[in-house]
S.K.: 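After the structure tokens below, expect a handful of questions from me.
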Amino acid sequence: MPVGLGFDIHRFGPGRPLILGGVNIPHDVGLVGHSDADALLHALCDALLGAAGLGDIGQHFPDTDPEWKDADSARFVRHAVEELGRRRLRIVNVDATIITEQPKIGPHRQTIRDHVAGILGIDPGRVNIKAKTNEKVGPVGRGEALETLVAVQLESLNDRPLGLF
């Protein structure tokens with residue numbers, strides 16, 4: 001069963017929305033990046049691509065390409081899911097951790113979980129969203145940045161008849 005690990009970090013900046021898992025989270029600053037800077041979906045995309053041996057998000061969607069400026073990161077994840085399907089790989093589960101001092105993720109956890117599951121086309125029970133602080137240590141602890149970690153487990157359907165997706 002292939003396993004992938006994704007990581008992303010973005011700094012906070014003014015004038016940007018805070019988007020995590022495709023959900024707009026009310027906050028006085030957002031994440032800075034070339035696309036919509038959704039650190040959760042970026043780490044998820046890397047985990048999916050990595051588990052399938054397909055490189056990383058930057059190889060598929062370089063931040064030097066103006067086509068991806070302010071792009072919805074759900075597009076990146078959907079691309080990764082399509083690549084999995086072509087290789088007859090199925091998502092078993094997703095385990096994600098959002099690390100930030102503020103805002104508190106707890107009130108948004110279920111919405112993020114449901115939205116991520118919808119992007120992936122899987123049951124929300126296969127998606128776990130956790131939230132942690134960095135105990136005031138480093139750029140995340142000082143409130144300068146937010147980071148995410150995502151692990152995914154896949155299974156190969158190559159040894160199964162086609163009708164069992």
Side-chain angles (χ1 to χ4, degrees), residues 1-11 17-25 30-100 105 108-132 134 140 145-165:
M1 293 187 131
V3 173
L5 178 64
F7 166 82
D8 200 22
I9 184 169
H10 284 269
R11 70 183 183 281
L18 175 57
I19 301 170
L20 293 170
V23 176
N24 196 332
I25 307 296
L31 297 175
V32 176
H34 184 69
S35 65
D36 64 4
D38 188 329
L40 180 58
L41 292 187
H42 292 181
L44 174 59
C45 188
D46 268 349
L48 293 168
L49 292 169
L54 297 171
D56 63 39
I57 192 171
Q59 291 172 279
H60 293 257
F61 306 99
D63 64 5
T64 55
D65 187 338
E67 179 179 356
W68 309 121
K69 178 74 176 139
D70 297 323
D72 180 348
S73 294
R75 291 176 60 191
F76 308 154
V77 174
R78 287 187 189 105
H79 167 79
V81 170
E82 289 170 8
E83 291 296 322
L84 296 180
R86 281 193 264 289
R87 287 159 179 77
R88 295 185 42 78
L89 294 167
R90 183 179 73 130
I91 300 166
V92 174
N93 75 321
V94 173
D95 187 34
T97 305
I98 301 167
I99 307 162
T100 187
I105 301 302
H108 311 285
R109 184 187 324 257
Q110 190 64 44
T111 303
I112 294 169
R113 177 185 182 200
D114 291 346
H115 198 265
V116 168
I119 293 168
L120 296 172
I122 63 175
D123 184 273
R126 293 178 177 238
V127 177
N128 187 51
I129 304 292
K130 302 183 303 287
K132 302 287 181 191
N134 220 32
V140 172
L146 176 146
E147 65 184 35
T148 57
L149 296 165
V150 178
V152 300
Q153 183 178 24
L154 307 179
E155 72 175 328
S156 174
L157 300 175
N158 288 321
D159 58 345
R160 297 183 182 184
L162 281 174
L164 294 180
F165 278 98

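From a predicted model like this one, the values you see are computed outputs, not experimental measurements. Below, each value reflects all heavy atoms present in this structure, side chains not excepted, and no hydrogens, waters or symmetry copies. Throughout, numbering of the chain's residues begins at 1 and tracks the sequence.
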S.K.: To the nearest 0.5 Å, what is the distance between NZ (Lys130) and CD1 (Ile99)?
M.R.: 9.0 Å
S.K.: What do the steps show when you test Ile9 against Val140 for side chain to side chain contact (heavy atoms under 4.5 Å, CB included), and what is the final call?
M.R.: CA-CA 9 Å; Ile9 184 169; Val140 172; 4.2 Å; yes
S.K.: Could you pull out all residues at least two apart from Ala47 that satisfy side chain to side chain contact (heavy atoms under 4.5 Å, CB included)?
M.R.: Val150, Val152
S.K.: In Å and rounded to the nearest 0.5 Å, what is the CG to CZ distance from Leu120 to Arg78?
M.R.: 9.5 Å
S.K.: Would you sort out whether Ile112 and Ile105 count as a side chain to side chain contact (heavy atoms under 4.5 Å, CB included), showing the intermediate values?
M.R.: CA-CA 9 Å; Ile112 294 169; Ile105 301 302; 4.3 Å; yes
S.K.: How close do Ala39 and Thr148 get, counting heavy atoms only, and between which atoms?
M.R.: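 Heavy atoms of Ala39 and Thr148 come nearest at O-OG1, 2.8 Å.
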S.K.: What I'd like to find out is whether the side chain of Ile91 reaches to under 4.5 Å of the side chain of Arg126, using heavy atoms alone.
M.R.: no
S.K.: Nearest 0.5 Å please: distance from the CG atom of Asp123 over to the CG atom of Asp114.
M.R.: 9.5 Å
S.K.: Could you check whether any side-chain N or O of Asp46 sits under 3.5 Å from a backbone N or O of Asp56, counting only pairs where one atom can act as donor and the other as acceptor?
M.R.: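 Not a single qualifying donor-acceptor pair exists.
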S.K.: Before giving the answer on side chain to side chain contact (heavy atoms under 4.5 Å, CB included), spell out for Leu31 and Leu18 the whole-Å C-alpha distance, their side-chain angles and the decisive distance to 0.1 Å.
M.R.: CA-CA 6 Å; Leu31 297 175; Leu18 175 57; 3.5 Å; yes
S.K.: Of the non-hydrogen atoms in Gly125 and Arg113, which two are nearest, and what is the gap between them?
M.R.: CA-NH2, 3.1 Å
S.K.: Does Lys69 have more than 12 heavy atoms from other residues, nucleotides or ligands lying within 6.0 Å of its NZ?
M.R.: yes
S.K.: Would you call Leu41 and Val116 a side-chain contact if the rule is heavy atoms closer than 4.5 Å?
M.R.: yes
S.K.: Where do Ile119 and Ala74 come nearest, in terms of heavy atoms and distance?
M.R.: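 Answer, listing the atom of Ile119 first, then Ala74: CD1-CB, 3.9 Å.
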S.K.: For the pair Leu20 and His108, evaluate side chain to side chain contact (heavy atoms under 4.5 Å, CB included) and give the outcome as yes or no after the intermediate values.
M.R.: CA-CA 9 Å; Leu20 293 170; His108 311 285; over 6 Å; no
S.K.: Taking side chain to side chain contact (heavy atoms under 4.5 Å, CB included) as the test, write out the residues that go with Glu83, two or more places apart.
M.R.: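 Side chain to side chain contact (heavy atoms under 4.5 Å, CB included) check on Glu83 returns Leu54, His79, Arg86, Arg87.
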S.K.: Rounded to the nearest 0.5 Å, what's the gap from OG on Ser35 to NE2 on His42? Could you check?
M.R.: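 So the gap between those two atoms works out to 3.0 Å.
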S.K.: Report the distance from atom CD1 of Ile129 to atom NE2 of His115, rounding to the nearest 0.5 Å.
M.R.: 12.0 Å
S.K.: Which heavy atom of Arg109 sits nearest to which heavy atom of Ala131, and what is that distance?
M.R.: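 Heavy atoms of Arg109 and Ala131 come nearest at NH1-N, 3.6 Å.
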S.K.: Where is the tightest heavy-atom contact between Leu154 and Ala52, given as atom of each residue plus distance?
M.R.: CD1-N, 4.3 Å
S.K.: Among Asp95, Val94, Thr97, which residue satisfies the side chain to side chain contact (heavy atoms under 4.5 Å, CB included) criterion with Asn128?
M.R.: Asp95
S.K.: Of all the heavy-atom pairs spanning Arg75 and Ala71, show the shortest one and how long it is.
M.R.: NH1-CB, 4.3 Å
S.K.: Nearest 0.5 Å please: distance from the CD atom of Glu155 over to the CG atom of Asn93.
M.R.: 10.5 Å
